[in-house]
Colleague: 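Have a look at the structure that comes next, please.
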Amino acid sequence: MDSDTLDKAYDPKKVEKRWYDYWEREHLFAANDYSNKKPFSIVIPPPNVTGVLHMGHAHNNTLQDILCRYRRMQGYNVLWMPGTDHAGIATQNVVENRLAEEGIDRHTLGREKFIERIWEWREKYGRAIIKQLKRLGASCDWDRERFTMDEGLSRAVRTVFVRLYNEGLIYRGDYIINWCTRCQTALSDLEVEHEEHEGNLYYVRYPIDNGSGALIVATTRPETMLGDTAVAVNPNDERYRHLKGKSVLLPLVNRVIPVIFDEYVDVDFGTGVLKVTPAHDPNDFEIGNRHKLASVKVIGEDGRMTEEAGVFKGMDRFECREAVIKALEKEGLIEKVEPYQHSIGHCHRCRTIVEPNLSRQWFVKVKPLAEKAIDAVKRGATRIIPETWNNVYFDWMYNIKDWCISRQIWWGHRIPAWTCKTCGELIVAVKDPAECPGCKGTDLEQEEDVLDTWFSSALWPFSTMGWPDDTQTLRTFYPTSVLITGFDILFFWVARMMMMGLHFMKEVPFRDVYIHALIRDSEGKKMSKSKGNVIDPLHIIDKFGTDALRFTLAAFAVQGRDIRLSENRIEGYRHFINKLWNAARFCLIHLREFKAEGTTKTDKKVLPLPDRWILSRLNRVVEKVISSLDEYKFNDAASTLYQFVWHEFCDWYIECVKIVLYEKEDKTKKQITLNVLWHILHDILCLLHPFIPFVTEEIWQRLPNTKGSIMKADFPVADQGRVDNEAESTMKILMGIINGIRNIRGEMNIPPGLVLKAVVYSEDRNILEIINRYKGIIIHIARLSSLELTSVEKYPEASATAISGSCTIFVPLKGIINFEEEIKRLSKELSKVNKELTGVGKKLVNEDFLKKAPPEIVEKVRGKQKMLVEKKNKLEANLERIQGLA
RNA sequence: AGGCGCGUAGCUCAGGGGGAGAGCGCUACCUUGACACGGUAGAGGUCACGAGUUCAAAUCUCGUCGUGCCUACCA
């Protein structure tokens, strides 16, 4: 690498791929199972194989990458475990749709062939997301990439299943589950999305059997009445007490069904009479169990009415609703119809309305697992950050219900259970059994169903590390240091990993869980393809570069608030990348002949003021960046660096350095400054590398006296010895004076070509001395021809004036001054001061304030008042004088 | 129905009991030997509204309105 001049503008396209390939070639992302360095590990939230990178991925993985690069530079042995998820239903749907385009149905293809096709499809298209993660700069240890359907992970899944089964924590049974009539599978409660829906509440008359009158039942789903096996009332409901032991005649079906009494029924809802359909409603199912009612399934798996529905057989469930209403109306059994708003469950994959259906499925008894998971967070073994998510986590865990894990699809881990066709024995085993352990029969039939995708994801932190084998990877890297994810999968994934990790590893899967915001569009809506409001990260990367995107995402990553992304903001941060680039360009031009021996740290005493100042500032920044990153405050770290690089390093330090580098100063002085310049740039690059890896590597490679990749450099450490309050306050004085002069220039529209003289007056000799010592800096940056100092009040004629601290700055403008403008300017300033002064004054006449406020606050306000009064007097004097001249 | 969060400059958002901030946009001036993806200066805010706590509230508490999300078996 040479340190020739950089291009005038940073072009990410020329840089990004080259350095990523280099990092991979040099194995810089590789974790070491045997290192005795401190471990730091993260498992990636595995994206779906079907997926393409969206902003959520970009955000999530940027944050992970920042931490991984940061910890590596701090000397940790970092493992970032990558991989993808087979995403059962989603993937199956995608491939099914592809096949449909070819006119092929999966059933004609058959199970084995169909699964083969999915594997083929995965090989061909499933790698897209990995490539895209690489474009993002993700420093995963790619040699360890895992897939939830890999041999090893599948073995983990089977092992877990078998153990839970043997422990009685997995069972099979007939229960009401959520059924998607389109996907043709059961769903867990989490996979159902509720949505408000305008419907009707139908009041239907159920004639009382062998008596007069009728019970009126309110329902939103009249079609399910065909499967009613009772009507229920609350035992405390006076209105219906007399119906004990009575029955009603179920209309249309003409089935006699009992009136039962159950506490569940809400007296205040509708008529206080509930129709009970155990086969199509979870609550009714419970009631049915309590009262030993029969279940009549009237809606089939395809969403059409079954044999049991009599004349309605074969109708679609929604058609049937209309038909039932019509039939009831005909018989005069509809009492009334009220509009009614209620929420309806939809399949989160295909939006079809979910049908609660009685079905034989496999379940995990999660209560005992959840207790351990609750406890782990309670006792702080795992921290959730930000803490507000604790409550959400606890709430869900406390109210957890058994998890339906069987899915009637083909793509996934097939349930390791077999039925012996000879004796009916159920065999659950890790390895495919050859014969029935009971009757030794060999005619075994494996369960058709596969497991919920999240069942395998729940094992991810340890299955990826080789479990159930006792591997060195597990010993070194489990539990992982932190999990970074969005709250949308807190229950789906985080909670379940907690449960499984604690149960099988006897240890939490992660020390910290950092829950980040969701990326939304400019209106605050969740980005989704169907809404068409996505901002494609790859498009952004092409347009602005990866670093600009990453820095934006980091700067936006505020805890507890969602991100509304806009291209404008990303563009703003591209400018920052370019600013850094150009600052480096300046440095490199001057560092061309920089010698290695100059890189040792110079003693503070011999350093010029600007150098002491920038080193002091740098060390404060280092401290702040480290503490921010340690607390997952990515935005604080990013904006601290932004502020420092742009508004301190570029705006002030480089300007000061120019004086030394461009004037004919002696060589040693130049060397000292170059030394500091090198140091600051060096540390800035290291501090920024985790956020913006590409541009920092590119500059690093051209910076003299660096070896290898910046990835292997040490992350800066704060050095309290470099913090220099005196230098900071002195610089503040100089900046104040420079700003005063600049203000005059700007406000008075003085041509920039015009070199000005200035006179600074102050009664404070110490201040004057300081200014005198550093007048070169002021002269240069404020572009003066000379700067005079005086402790005697003598007013240069026709001057514009500015006040800074105890100083009055005069800029003689004989012949150029616009008196009106100057009067306006001073008056404006004066009214500002007066306004502030009234505020301060009010406080200082307040007895309570003087008595009760902490003394240092009172002192501060007093000091401020004094300063303001001084400023006011000076302004008034200047104003008076200028008015006299006008 | 419960729970959580948000309402601060034109826009996107930081801050979180004692000086209202940033980026973008806007106005004026400027091709100054790193950078016009730049520089300098400037305009712009009853920090949603109402009450309370406090010497002091954008900041804490309560309420109202608006807004977003999550959870839920009231048919």
Side-chain angles (χ1 to χ4, degrees), chain A residues 5-6 8-10 176 189 194 201 217-221 224 232 264-266 268-271 273-277 281-286 340 342-343 356 388-389 391-392 395-396 399 401 487-488 490-491 518 520 522-526 544 548 552 555-556 558 560-569 571-590 635-636 639 642-643 647 650-651 654-655 658 662 739 742-753 783 828 836 839-840 842-843 846-854 856-858 860-861 864:
Chain A
T5 319
L6 270 52
K8 248 185 142 176
Y10 173 63
I176 288 273
D189 295 342
H194 293 271
L201 193 57
V217 164
T219 179
T220 54
R221 301 196 59 197
T224 62
Y264 170 77
V265 182
D266 183 350
D268 298 321
F269 188 91
T271 55
V273 185
L274 173 71
K275 64 190 257 334
V276 183
T277 323
D281 182 283
N283 299 308
D284 293 8
F285 178 74
E286 299 282 322
Y340 184 69
H342 58 137
S343 69
T388 50
W389 293 104
N391 289 333
V392 180
D395 193 57
W396 189 72
N399 298 307
K401 287 190 300 183
F487 63 80
D488 50 332
L490 182 60
F491 306 141
L518 250 48
R520 300 181 185 282
S522 54
E523 275 148 39
K525 301 264 186 259
K526 205 168 159 174
F544 302 110
T552 308
F556 265 120
V558 176
R561 178 154 173 162
D562 284 346
I563 297 171
R564 295 189 187 195
L565 202 64
S566 65
E567 263 192 35
N568 274 350
R569 193 79 185 251
E571 195 178 0
Y573 287 112
R574 176 184 62 171
H575 296 343
F576 172 67
I577 307 292
N578 194 57
K579 186 74 177 177
L580 172 70
W581 177 259
N582 276 289
R585 190 168 114 102
F586 171 85
C587 296
L588 292 181
I589 288 167
H590 294 281
N635 63 314
D636 284 347
S639 50
Y642 183 100
Q643 171 68 26
H647 298 302
C650 292
D651 287 354
I654 287 185
E655 290 311 313
K658 283 177 183 172
Y662 288 137
N739 284 336
R742 280 174 168 175
N743 179 276
I744 291 170
R745 264 190 196 277
E747 294 268 280
M748 305 287 290
N749 276 335
I750 292 164
R783 317 196 62 220
K828 192 179 74 184
E836 274 189 83
V840 172
K842 260 188 206 158
K843 279 189 175 175
N846 185 339
E847 290 279 328
D848 286 325
F849 173 72
L850 297 173
K851 247 190 291 178
K852 292 180 184 169
E856 67 271 18
I857 294 292
V858 177
K860 210 169 149 188
V861 176
K864 191 172 174 191

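Every heavy atom of this structure was used, including side-chain atoms; hydrogens, water molecules and symmetry mates were not. Lettering of chains follows the sequences in order, A, B, ..., and the numbering in each one begins at 1.
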Colleague: Classify the nucleic acid contact of A:Tyr340 as base, sugar-phosphate or nothing, counting any heavy atom under 4.0 Å across all strands shown.
Modeller: sugar-phosphate

Colleague: Using the closest heavy atom to pick a nucleotide of RNA chain B for each, name whichever of A:Asn283 or A:Lys658 lands nearer the 5' end.
Modeller: A:Lys658

Colleague: Categorize A:Tyr573 for me: base, sugar-phosphate, or nothing, with a 4.0 angstrom heavy-atom threshold over every strand shown.
Modeller: nothing

Colleague: Using the C1' atom in both, what is the distance from B:rU54 to B:rC13, to the nearest Å?
Modeller: 30 Å

Colleague: Could you state the CD1-C1' distance from A:Ile744 to B:rC29, rounded to the nearest angstrom?
Modeller: 16 Å

Colleague: When you measure from the centre of the six-membered ring of A:Phe586, is the NZ or CZ of A:Lys658 under 6.0 Å away and within 45° of the axis?
Modeller: yes

Colleague: Given the C1' atoms of B:rA58 and B:rG7, what is the spacing between them in whole Å?
Modeller: 12 Å

Colleague: Can you say whether a donor on the side chain of A:Lys579 sits under 3.5 Å from an acceptor on the base of B:rC35, or the other way round?
Modeller: yes

Colleague: For the side chain of A:Asn749, starting at C-beta, report the closest nucleotide among B:rG18, B:rC13, B:rA28.
Modeller: B:rA28

Colleague: Using every non-hydrogen atom in the two residues, find where A:Pro356 and A:Ile176 come nearest and quote the distance to one decimal.
Modeller: CB-CG2, 4.0 Å

Colleague: Please determine whether a side-chain nitrogen or oxygen atom of A:Arg745 lies at a distance below 4.0 Å from atom OP1 or OP2 of B:rA41.
Modeller: no

Colleague: RNA chain B: A:Tyr10 or A:Asn739, which has the more 5' nearest nucleotide?
Modeller: A:Tyr10

Colleague: Using OP1 and OP2 only, check whether a side-chain N or O of A:Lys401 sits under 4.0 Å from B:rC73.
Modeller: yes

Colleague: With the side chain of A:Asn743 defined as its heavy atoms from C-beta on, choose the nearest nucleotide among B:rC73, B:rG42, B:rG18.
Modeller: B:rG42

Colleague: For nucleotides B:rG5 and B:rG19, find the distance between their P atoms and express it as a whole number of Å.
Modeller: 28 Å

Colleague: Please report the C-alpha distance between A:Thr219 and A:Leu201 in whole Å, then the side-chain angles of each, then the deciding distance to 0.1 Å, and finally whether the side-chain contact (heavy atoms from CB on, under 4.5 Å) criterion is met.
Modeller: CA-CA 5 Å; A:Thr219 179; A:Leu201 193 57; 5.6 Å; no

Colleague: Reading nucleotides 1-6 of chain B 5' to 3', which nucleotides get B (base under 4.0 Å from a protein heavy atom), which S (sugar-phosphate only), which -?
Modeller: ----SS

Colleague: Could you work out which one of B:rC70, B:rA36, B:rA75 sits closest to the side chain of A:Lys8?
Modeller: B:rA36

Colleague: So what is the 5' to 3' dot-bracket string for RNA chain B, if pairs are Watson-Crick or G-U wobble with both distances under 3.5 Å, crossing pairs use [ ] and | means the partner sits on another strand?
Modeller: (((((((..((((....[..)))).(((((.......))))).....(((((..]....))))))))))))....

Colleague: Is there a donor and acceptor pair, one atom on the side chain of A:Tyr264 and one on the base of B:rC74, closer than 3.5 Å?
Modeller: no

Colleague: Out of B:rC37, B:rC29, B:rG39, which has the shortest distance to the side chain of A:Asp651?
Modeller: B:rG39

Colleague: Find the distance A:Asp636:CG to B:rC13:P and express it as a whole number of Å.
Modeller: 17 Å

Colleague: When you get a sec, tell me which of B:rA41, B:rC37, B:rG18 is the closest nucleotide to the side chain of A:Lys843?
Modeller: B:rG18

Colleague: Once you apply a heavy-atom cut-off of 4.0 Å, does A:Asp266 come out as touching a base, just sugar-phosphate, or nothing?
Modeller: base

Colleague: Taking any heavy-atom pair under 4.0 Å as a contact, classify A:Pro356: base, sugar-phosphate, or nothing.
Modeller: nothing

Colleague: Less than 6.0 angstrom separating the ring centers of A:His342 and A:Tyr340, yes or no?
Modeller: yes

Colleague: Hey, does A:Glu567 reach any base, or is it just sugar-phosphate, or nothing, if we go heavy atoms under 4.0 Å?
Modeller: nothing

Colleague: Starting at atom CZ of A:Phe586, determine the distance to atom P of B:rC35, rounded to an integer number of angstrom.
Modeller: 10 Å

Colleague: So A:Thr277, base contact, sugar-phosphate only, or nothing? Heavy-atom distance under 4.0 Å.
Modeller: nothing

Colleague: Sticking with atom C1', work out how far B:rU67 lies from B:rA48, rounded to a whole angstrom.
Modeller: 11 Å

Colleague: Please classify the nucleic acid contact of A:Lys851 as base, sugar-phosphate, or nothing, using heavy-atom distances under 4.0 Å.
Modeller: nothing

Colleague: Distance check, rounded to the nearest 0.5 Å: A:Ile744 atom CD1 versus A:Asn739 atom CG?
Modeller: 11.5 Å

Colleague: May I ask you to test the A:Asp488-A:Leu518 pair for a side-chain heavy-atom distance under 4.5 Å?
Modeller: yes

Colleague: Any side-chain N or O of A:His575 less than 4.0 Å from the OP1 or OP2 oxygen of B:rC35?
Modeller: no

Colleague: Taking only the side-chain heavy atoms of A:Asp395 (C-beta and beyond), determine which of B:rG19, B:rU71, B:rA14 contains the nearest atom.
Modeller: B:rU71

Colleague: How far, in whole Å, is B:rC60 from B:rC55 if one measures between their C1' atoms?
Modeller: 16 Å

Colleague: Indicate the atoms forming the closest heavy-atom contact of A:Ala9 with A:Asn578, along with that distance.
Modeller: CA-OD1, 3.5 Å

Colleague: Roughly how many Å apart are B:rG44 and B:rA51, using the P atom of each and rounding to a whole number?
Modeller: 28 Å

Colleague: Which whole number of Å gives the distance between the P atom of B:rC30 and that of B:rG17?
Modeller: 45 Å

Colleague: Would you mind classifying the nucleic acid contact of A:Phe576 as base, sugar-phosphate or nothing, using non-hydrogen atoms under 4.0 angstrom?
Modeller: nothing

Colleague: For A:Glu836 and B:rG19, give me the distance from atom CD to atom C1', rounded to whole Å.
Modeller: 7 Å

Colleague: Between A:Glu571 and A:Phe544, is there a side-chain heavy-atom distance shorter than 4.5 Å?
Modeller: yes

Colleague: Taking OH from A:Tyr642 and C1' from B:rU12, how many angstroms apart are they, rounded to a whole number?
Modeller: 14 Å

Colleague: Taking the side chain as everything from C-beta on, heavy atoms only, tell me whether A:Val861 gets closer than 4.5 Å to A:Phe849.
Modeller: yes

Colleague: To the nearest angstrom, how far is A:Ile857 atom CD1 from B:rU54 atom C1'?
Modeller: 14 Å

Colleague: Taking atom P in both B:rG10 and B:rU27, compute the distance separating them and give it to the nearest angstrom.
Modeller: 16 Å

Colleague: Just compare B:rC29, B:rG18, B:rA14 and give me whichever is closest to any side-chain atom of A:Ala853.
Modeller: B:rG18

Colleague: Out of B:rU12, B:rC55, B:rA75, which has the shortest distance to the side chain of A:Asp848?
Modeller: B:rC55

Colleague: Does the ring centre of A:Tyr642 sit less than 6.0 Å away from the ring centre of A:Tyr573?
Modeller: yes

Colleague: Categorize A:Cys650 for me: base, sugar-phosphate, or nothing, with a 4.0 angstrom heavy-atom threshold over every strand shown.
Modeller: base

Colleague: Can you establish whether the number of heavy atoms outside A:Glu856 located under 6.0 Å from its atom CD is more than 12?
Modeller: yes

Colleague: Taking any heavy-atom pair under 4.0 Å as a contact, classify A:Arg742: base, sugar-phosphate, or nothing.
Modeller: sugar-phosphate

Colleague: Determine the contact category for A:Lys842: base if any of its heavy atoms lies under 4.0 Å from a base atom, sugar-phosphate if only primed atoms, P, OP1 or OP2 are that close, otherwise nothing.
Modeller: nothing

Colleague: Side chain of A:Asn578: nearest nucleotide among B:rG18, B:rC24, B:rC37?
Modeller: B:rC37

Colleague: Would you mind classifying the nucleic acid contact of A:Arg783 as base, sugar-phosphate or nothing, using non-hydrogen atoms under 4.0 angstrom?
Modeller: base

Colleague: Side chain of A:Glu747, heavy atoms from C-beta onward: which of B:rG23, B:rC37, B:rA41 has the nearest atom to it?
Modeller: B:rA41

Colleague: How long is the gap from CG on A:Leu580 to SG on A:Cys650, to the nearest 0.5 Å?
Modeller: 7.5 Å

Colleague: Do A:Phe285 and A:Thr277 have side chains that get closer than 4.5 Å, going by heavy atoms?
Modeller: no

Colleague: I'd like to know if the side chain of A:Arg745 and the backbone of A:Ile750 have a donor-acceptor N/O pair within less than 3.5 Å.
Modeller: no

Colleague: Given atom CD1 of A:Ile563 and atom P of B:rC69, what is their separation to the nearest angstrom?
Modeller: 16 Å

